[in-house]
Structures are given as structure tokens and as C-alpha cells.
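Presented below is the structure to which this report refers.
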Amino acid sequence: MNTTGTKNISVLISGASVAGPALAHWLHRYGFTTTVVERAPALRDGGYAVDFRGEAHLSVLRGMGILEAVEQARTGMGSMAYVNKAGKPQAKLPADLFAGDVEILRGDLARILHEATAPHTEYVFGDSVTSLSEDAEGVTVTFERGAPRRFDLVIGADGMHSTTRRLAFGPEERYVRHLGVHCAIFTTANRLGLDHTGHAYRTAGRLVAMYSARHNTEAKAVFYFASPLLDLDRREVARQQAVLAEQFAGNGWESDRLLEDMRYAPDFYFDSVAQVRMDSWSRGRVALLGDAAYCPSSLSGMGTGLALVGAYVLAGELAAARRDHRGAFARYESELREYAAGCQKMGDGVARLMVPGSRLTATLLNRYYKVMPYLPGKDMAARIARRTAENITLRDYSAWDRLGPRDPALPVAAG
Ligand SMILES: Cc1cc2nc3c(=O)[nH]c(=O)nc-3n(C[C@H](O)[C@H](O)[C@H](O)COP(=O)(O)OP(=O)(O)OC[C@H]3O[C@@H](n4cnc5c(N)ncnc54)[C@H](O)[C@@H]3O)c2cc1C
């Protein structure tokens with residue numbers, strides 16, 4: 001145990017979803033003082049399902065001591081069926097492809113992370129950073145509501161539309177790359193009686209799906225459609241819903257009924273499916289983490305694991321470098337770049353395959369899924385996803401851990 005070099009280093013983390021609290025967890029173990037500021041007035045509950053796969057993800061969860069809690073909250077989803085217009089299943093895709101080793105609702109994961117960190121982390125809800133002003137000694141941060149404060153370091157873990165990134169690196173358009181697809185998701189009644197499963201219906205340029213959640217007591221409705229980037233304000237829900245209705249009205253299967261449900265949804269989400277590409281993830285005393293820095297897209301199935309691994313690496317490098325934050329940020333990038341690039345490659349591929357623009361490709365793909373279980377390469381996609389998720393050798397930072405090598409759950413040292 002050696003935390004003398006990190007004692008009294010204060011870190012502001014913007015964002016309390018996955019990456020932010022995971023970073024707070026590790027920084028605490030290395031002796032840093034952390035504050036997490038979250039724009040939402042409280043933890044956001046529920047949401048869509050996210051997943052972990054492979055040893056890199058699981059070993060970080062284990063090292064944090066939360067793997068058991070995550071497993072207890074798992075969705076337990078089985079295979080997903082592609083259906084025809086009448087709702088008749090045509091092809092089944094294995095659970096491994098969608099749900100990885102452990103699938104959990106994003107909100108449940110955020111709650112577990114918050115509970116694990118709240119005793120030693122200052123959480124400020126309902127506020128946002130408005131300016132960052134750096135000098136040789138630290139960063140002065142102003143907030144929408146709270147009084148200005150000083151921190152040694154600031155980490156933006158505030159998602160694809162990161163405010164921290166905008167303030168420290170410049171406008172979003174420079175870094176966020178639209179993948180040609182928009183996505184909407186909301187909670188609805190499980191009126192199809194789906195039992196730990198999902199149904200998806202694909203036509204040219206469109207995919208609409210429903211999957212059961214919270215052990216079949218509710219369902220999530222998901223819409224994807226191909227289109228150039230739409231000029232829609234993220235707060236204009238009525239306009240977003242109008243666009244979705246235009247895209248999917250008369251589309252077949254459950255589309256019309258789900259569009260009706262959409263009007264009453266408690267948690268309507270709409271966004272472009274996009275990636276964040278940056279040449280550098282840090283500037284001075286400010287660094288980015290998770291979707292804010294290297295979002296692989298909501299379709300990649302990789303973003304949550306990547307955010308978690310990123311938090312482990314960033315915290316570890318900050319601990320190892322003591323007060324040399326520049327050195328730590330450079331090591332963080334060199335350790336994680338290739339891994340993040342692999343996850344983004346997955347996102348690119350899936351976006352093209354999930355919602356193909358032409359009718360011919362959509363039909364061929366639907367037919368392919370039908371025969372896939374009988375083909376030799378049937379589990380190829382799941383294997384690629386697993387290989388991508390495992391494509392990193394985690395360094396062992398336990399020398400700086402206040403729990404020290406006594407904690408048997410830490411990731412195994414790998415050089
Ligand atoms: C529809 C959908 C489906 C997905 N499916 C999967 C999946 O199957 N598997 C998978 O692994 N991943 C999936 N993802 C991606 C996954 O959710 C993200 O990659 C992951 O949550 C990244 O975590 P993060 O903490 O970096 O960012 P986020 O989860 O985006 O969290 C950012 C946080 O910052 C907060 N914030 C924003 N602005 C500010 C501000 N100005 N000040 C303070 N706080 C702020 C937000 O409220 C939020 O709490 C999906 C995403 C979406 C949208």
C-alpha cells in the first residue's frame with residue numbers, strides 16, 4: 001500500500017452513470033478525494049439493457065467487489081427472435097450475442113455503482129459544470145447552481161454529448177460521428193407476454209423490437225432507422241416522437257401499437273447512433289472517460305464494458321504516476337487506445353448490419369438468420385464480440401491499492 005503521493009489530490013468527475021462512479025471507486029482505493037457532479041436531479045432508474053462479456057469486464061467487476069450484486073440484478077434474457085409481419089418467429093439469435101455473460105439494466109448498474117461509492121464520494125446531483133479555467137496549480141470550476149470550486153484534476157465521464165469535452169476540447173461536431181442510424185427506446189407494457197426474450201422485426205432501413213424486462217413485468221420498445229443526421233434538439237421530445245411516427249407508421253408488426261404507447265412512455269429516449277473519435281483524450285488537467293472520450297455507439301454492445309475498463313486503467317495510471325497527471329493521462333491512452341478502437345470497429349459493423357438500407361439486403365439478412373443455426377460459423381458474431389471485449393491485458397495496480405494485495409479479487413497482474 002502506498003498512497004502518500006496521491007493524498008489530498010482532489011478529482012472532480014462529471015457524470016454519475018457507469019464510468020464516473022467506477023472511476024470514483026478506484027480513485028478512493030488509491031487515496032484520492034473525489035466529487036461526482038451529475039446533471040440529473042437523482043440517479044436515473046431503469047433504462048435499457050447493457051452487458052458485460054469476457055474476463056476483462058468480469059475481472060474488473062470482481063475487483064470492485066460488485067460482480068455478485070450485478071449478477072443478482074441480471075436480466076436473465078434468453079435468445080432473441082426475428083419475426084415476420086404477423087409476429088411469427090422466423091429465426092432465433094443466441095442470448096450470448098445480445099446479453100454477453102451478464103446483462104443488466106443500465107439504471108440498476110448505476111445504482112449498484114452509486115451504493116458502492118456513496119460512503120466515500122461526494123455526490124452532487126442536479127448540477128453541471130459551466131466553465132473550466134486551468135492554471136499551474138489546478139482547475140477552477142464553475143457550476144450552473146453551486147459555487148465555484150478548485151480541483152486538482154477534472155474528468156469528463158458525462159457521455160456522448162459531454163459538456164466537459166465541449167468546454168475543454170471544443171464543439172461536439174468535431175468529435176461525434178453519426179453512423180447513419182437513429183435510435184429510440186422506451187418502457188412499455190409487456191403485452192406480447194414475452195418471457196425473458198425479445199422479438200424484432202426488420203424491414204429496409206428500419207428495425208423495431210420489443211424485449212421483456214424486470215422479469216417480464218414490463219418491456220422495452222426499441223426503434224432503429226437509417227437516416228442522415230437529423231437536426232433535432234435532444235430536449236424536443238414532441239418533435240422526436242413525430243419523426244419516429246413518420247418513420248414507422250404502417251410499418252407492420254407491432255409498430256403502430258408501440259407508437260401509440262410512445263405517447264405515454266415515462267422514459268422516452270431518442271438519439272443518433274454515433275461514435276466519439278478523438279486524437280487525444282486529455283488536455284492539461286482535464287481528461288475524458290467512457291462514452292465522452294471513445295463512445296463505440298449504442299449498437300456496439302461494448303460501451304459499458306469499455307467505460308468500466310477505462311475507469312480501471314485511468315485510476316490505476318493516476319495512482320502509479322502520483323502527481324504527474326500528464327504522464328498518467330498519456331499512459332491511460334496508450335494502454336486503452338487499441339482496445340477502444342476494436343470496440344468502435346464492432347460498432348461500425350453492427351450499425352451497417354442491423355439496419356441495412358436496401359430491401360434486398362434486409363431480405364437476405366433475414367434469410368441468413370433463418371439458416372444461421374445450421375451453419376458452421378453460427379456463433380462467429382458472438383465469438384468476435386468476445387474476442388473484442390477481451391483484447392486487453394490489464395495491468396496490476398494493487399501496489400497503490402489501500403486494500404493492497406490482500407484483496408484476492410483484484411485483476412491478475414499481467415505485466
Ligand atoms: C439505447 C442504448 C442501448 C445501449 N445498449 C448497450 C448494450 O447493449 N451494451 C453496452 O455495453 N452498452 C450499451 N449502450 C451504451 C452504454 O449505455 C454506454 O456506453 C455506457 O453507459 C457509457 O457510460 P458512461 O458513464 O461513459 O456514459 P453515460 O452512461 O452516457 O453517462 C453519462 C452521465 O453523465 C451525465 N451528464 C451528462 N451531461 C452532464 C453534465 N453536463 N454534467 C453532469 N452530468 C452530466 C448523464 O446524465 C449520465 O448520467 C447502450 C446505449 C444506448 C443509448
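Ligands are counted one by one from 1 in listed order, and the atoms in each one are counted from 1 as well. Computed from a prediction, not measured in an experiment: that's the story for all the values here.
A heavy-atom separation below 4.0 Å is found between Tyr269 and ligand 1. Ligand 1 lies less than 4.0 angstrom from a heavy atom belonging to Arg44.
From the protein, the heavy atom lying nearest to atom 25 (O) of ligand 1 is Ala19 N, 2.9 Å. The protein non-hydrogen atom at the shortest distance from atom 17 (O) of ligand 1 is Tyr48 OH, 2.9 Å. Arg39 N, 3.1 Å is the protein heavy atom nearest to atom 43 (C) of ligand 1. For atom 47 (O) of ligand 1, the closest heavy atom belonging to the protein is Glu38 OE2, 2.6 Å. Ranking protein heavy atoms by distance to atom 30 (O) of ligand 1, first place goes to Gly159 CA, 3.6 Å. Closest protein heavy atom to atom 9 (N) of ligand 1: Asp51 OD1, 2.9 Å. The closest protein non-hydrogen atom to atom 41 (N) of ligand 1 is Thr163 OG1, 2.8 Å. If you check which protein heavy atom lies closest to atom 13 (C) of ligand 1, you get Val50 CG1, 3.7 Å.
Cation-pi geometry between Arg29 and Trp400 is not met at under 6.0 angstrom from the ring centre and within 45 degrees of the axis.
Close approach to Gly303 involves these atoms of ligand 1, each under 4.0 Å from a residue heavy atom: 10 (C), 11 (O), 12 (N), 19 (O). Taking every non-hydrogen atom of Val18 and a distance limit under 4.0 Å, the qualifying atoms of ligand 1 come out as 21 (O), 23 (O), 25 (O). Taking every non-hydrogen atom of Gly290 and a distance limit under 4.0 Å, the qualifying atoms of ligand 1 come out as 26 (O). Taking every non-hydrogen atom of Ser17 and a distance limit under 4.0 Å, the qualifying atoms of ligand 1 come out as 25 (O), 28 (P), 29 (O), 31 (O), 32 (C), 33 (C), 48 (C), 49 (O). Taking every heavy atom of Val37 and a limit of under 4.0 angstrom, the matching atoms of ligand 1 come to 43 (C), 44 (N). The Ser128 neighbourhood of ligand 1 comprises atoms 40 (C), 41 (N), 42 (N), with distances under 4.0 Å to a heavy atom of that residue. Of all the atoms in ligand 1, the ones that sit under 4.0 Å from a non-hydrogen atom of Ala157 are 32 (C), 33 (C), 34 (O).
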Which atom pairs, donor and acceptor, lie under 3.5 Å between side-chain atoms of residues 236-244 and protein residues at least two apart or in another chain?
residue: Gln240; atom: NE2; partner: Asp233; partner atom: O; Å: 3.1
residue: Gln240; atom: NE2; partner: Arg234; partner atom: O; Å: 3.1
residue: Gln241; atom: NE2; partner: Met262; partner atom: O; Å: 3.4

Contacts under 3.5 angstrom, residues 149-159 side chains, donor-acceptor by atom type, not counting sequence neighbours:
residue: Arg149; atom: NH1; partner: Glu122; partner atom: OE1; Å: 3.4
residue: Arg149; atom: NH1; partner: Glu122; partner atom: OE2; Å: 3.1
residue: Arg149; atom: NH2; partner: Glu122; partner atom: OE1; Å: 2.9
residue: Arg150; atom: NH1; partner: Asp135; partner atom: OD2; Å: 2.7
residue: Arg150; atom: NH1; partner: Thr140; partner atom: OG1; Å: 3.0
residue: Arg150; atom: NH2; partner: Asp135; partner atom: OD1; Å: 3.2
residue: Asp152; atom: OD2; partner: Ser10; partner atom: N; Å: 2.8
residue: Asp152; atom: OD2; partner: Ser10; partner atom: OG; Å: 3.2
residue: Asp158; atom: OD1; partner: Ser162; partner atom: OG; Å: 2.5
residue: Asp158; atom: OD2; partner: Ser14; partner atom: OG; Å: 2.9
residue: Asp158; atom: OD2; partner: Thr163; partner atom: N; Å: 3.4
residue: Asp158; atom: OD2; partner: Thr164; partner atom: N; Å: 3.1
residue: Asp158; atom: OD2; partner: Thr164; partner atom: OG1; Å: 2.6

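Ion pair Asp108/Arg214 flagged as a salt bridge, since at least one NZ, NE, NH1 or NH2 atom sits closer than 4.0 Å to an Asp/Glu carboxylate oxygen. Residues Lys220 and Glu218 are paired through a salt bridge, judged by an N-O separation under 4.0 Å between the basic side chain and the carboxylate.
The aromatic rings of His120 and His28 sit parallel to each other, their planes meeting at less than 30°, with 60° as the upper class boundary.
When only interatomic distances are considered, the shortest N/O to N/O separation between Met160 and ligand 1 does not fall below 3.5 Å.
Side-chain N or O atoms of His25 include none that pairs as donor or acceptor with a backbone N or O of Pro21 at under 3.5 Å.
In this structure, Thr304 and Arg106 have side chains that are not in contact, with every pair of non-hydrogen atoms separated by 4.5 Å or more.
Ranked by closest heavy atom to atom 34 (O) of ligand 1, the top entry among Leu288, Asp158, Leu308 is Asp158. Selection from Cys343, Ala49, Gly301, Ala293 by nearest heavy atom to atom 5 (N) of ligand 1 gives Ala49. Ranked by closest heavy atom to atom 22 (C) of ligand 1, the top entry among Thr304, Asp291, Thr130, Leu299 is Asp291.
Of the N and O atoms on the side chains of Ser212 and Asp195, not one donor lies less than 3.5 Å from an acceptor on the other residue. Looking only at atom types and distance, the side chain of Ser398 has a donor-acceptor partner in the side chain of Asp396 under 3.5 Å away. Side-chain contact of Glu103 with Thr75: a donor-acceptor pair under 3.5 Å is present, judged by distance alone. Side-chain atoms of Gln275 and Tyr294 include no donor-acceptor pair closer than 3.5 Å. Judged purely by distance below 3.5 Å, without hydrogens or angles, the side chains of His161 and Asp271 pair a donor atom with an acceptor atom.
Neither the backbone nor the side chain of Ala110 comes within contact range of ligand 1; no heavy atom lies under 4.0 Å.
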